[in-house]
Amino acid sequence: MIASAFLVQAQAVTLNGPWIQGAMVTGKASPGEEIIYNGQQLQQTPDGDFVFGLGRNAPAVVELQVKLANGSQKTLSFDVTQRQYVTQKIEGVASKHVTPPKTVSARISREAKAVRQARTANDNRSDFLSTFIWPAKGPLTGVYGSQRIYNGVPKSPHYGVDIAGPKGAEVIAPAGGIVTFADDDLYYSGGTLIVDHGHGISSTFIHLSQIEVTVGATVKQGDLIARIGASGRATGPHLDWRMNWFKERIDPQLLFPKNAKPALQ
Ligand SMILES: [Zn+2]
C-alpha cells in the first residue's frame, strides 16, 4: 500500500528535458516535495517549479531524489544522451592569450574566482522559466562543448555559443534577470557581463566592447545590456554567450527549437 501511494505521488513530479548533456531541465514538484539533484536540494518557486543543469560530461544515467512531505523518499533515474563534441582549430590568437606569461597568473586566478563567485547566486527570481530569445543577431561560428586548439595547443573546451557580429552591435537580455558581474577588461574574456536568471541559472556574455548595465541592475528580456566586441582572447568581433546552472555549464542552443538560427530572429 505504501509503495503504490508513493508511486502516485512521485508521478506528480513533472520534468521537461531534453535529457541530453548540456541541457537545462525544468520540473514541477507537488506541494511539500523536496527535490535533490547531485546532493543539492533544489530551490522551488511558490508553484513548485525547479531547475537543474546537465553538464558537458553528464553521465549516461542521472538520479533525482524526491522526498515526500511524509518523509519517505524515492529515487528517479533518467537516461542522458551522450554527445559527440567537435574539435575546432583556431589560429592567429595572440600568444599571450594561449600561454599567458607568469606575471598575469595571479590576475587570471583572481578574475576566475570573481566569475565563479557570481555564479553561486541562488536568487529566487523565476526568469529561467521564460522562453529565451537570442541575445544577438548573426551566424553561429562556435558551439558548446567543442574542443579548442589554439595555434596548435589543445585548451579546455569551449562552453559558449559564438554569434558573429560587428563591433558595437547590440546585445540584448535573452531573459530577464539581475546583473551580478560586470567588468570591462578580464584577461581571457575581455568585457564580461553576467546576468542571473534565478535558481542558479545565469548567462555570461564575453568579449564585449561595451557594457550598458551595472551590477545590481534588473533587466527585462530584450533590454540592451552590452555591445559586441573582440576584447580578451578573440580573433574577431563576436558575442560568446555562455550559460550556467551554478558551476555546471549548459548549452544555450538547447533552449531553442532545433535548427533555429539567431540570424532568423
Ligand atoms: Zn567563444
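Every number for a ligand or one of its atoms is a count from 1 in the order of the listing.
- Checking Val25, Leu254, Ile250, Asp251 one by one against Leu54, the side chain to side chain contact (heavy atoms under 4.5 Å, CB included) holds for a single residue, Val25.
- Linking Ile, Leu, Val, Met, Phe, Trp and Tyr residues whenever their side-chain heavy atoms come within less than 4.5 Å leaves Tyr187 and Ile206 in two separate clusters.
- The Zn ion (ligand 1) sits nearest to atom OD2 when only the N, O or S atoms of Asp240 are considered.
- Residue contacts to the Zn ion (ligand 1): His238 brings no N, O or S atom closer than 2.8 Å.
- Between His199 and the options Phe52, Phe128, Tyr37, a ring pair (Phe, Tyr, Trp, His ring centres under 6.0 Å) holds for only Phe128.
- The CG atom of Asn57 sits 8.5 Å away from the CD atom of Gln82 when rounded to the nearest 0.5 Å.
- When distances from the Zn ion (ligand 1) to the N, O or S atoms of His158 are compared, NE2 comes out shortest.
- Within Asp162, the N/O/S atom positioned nearest the Zn ion (ligand 1) carries the name OD1.
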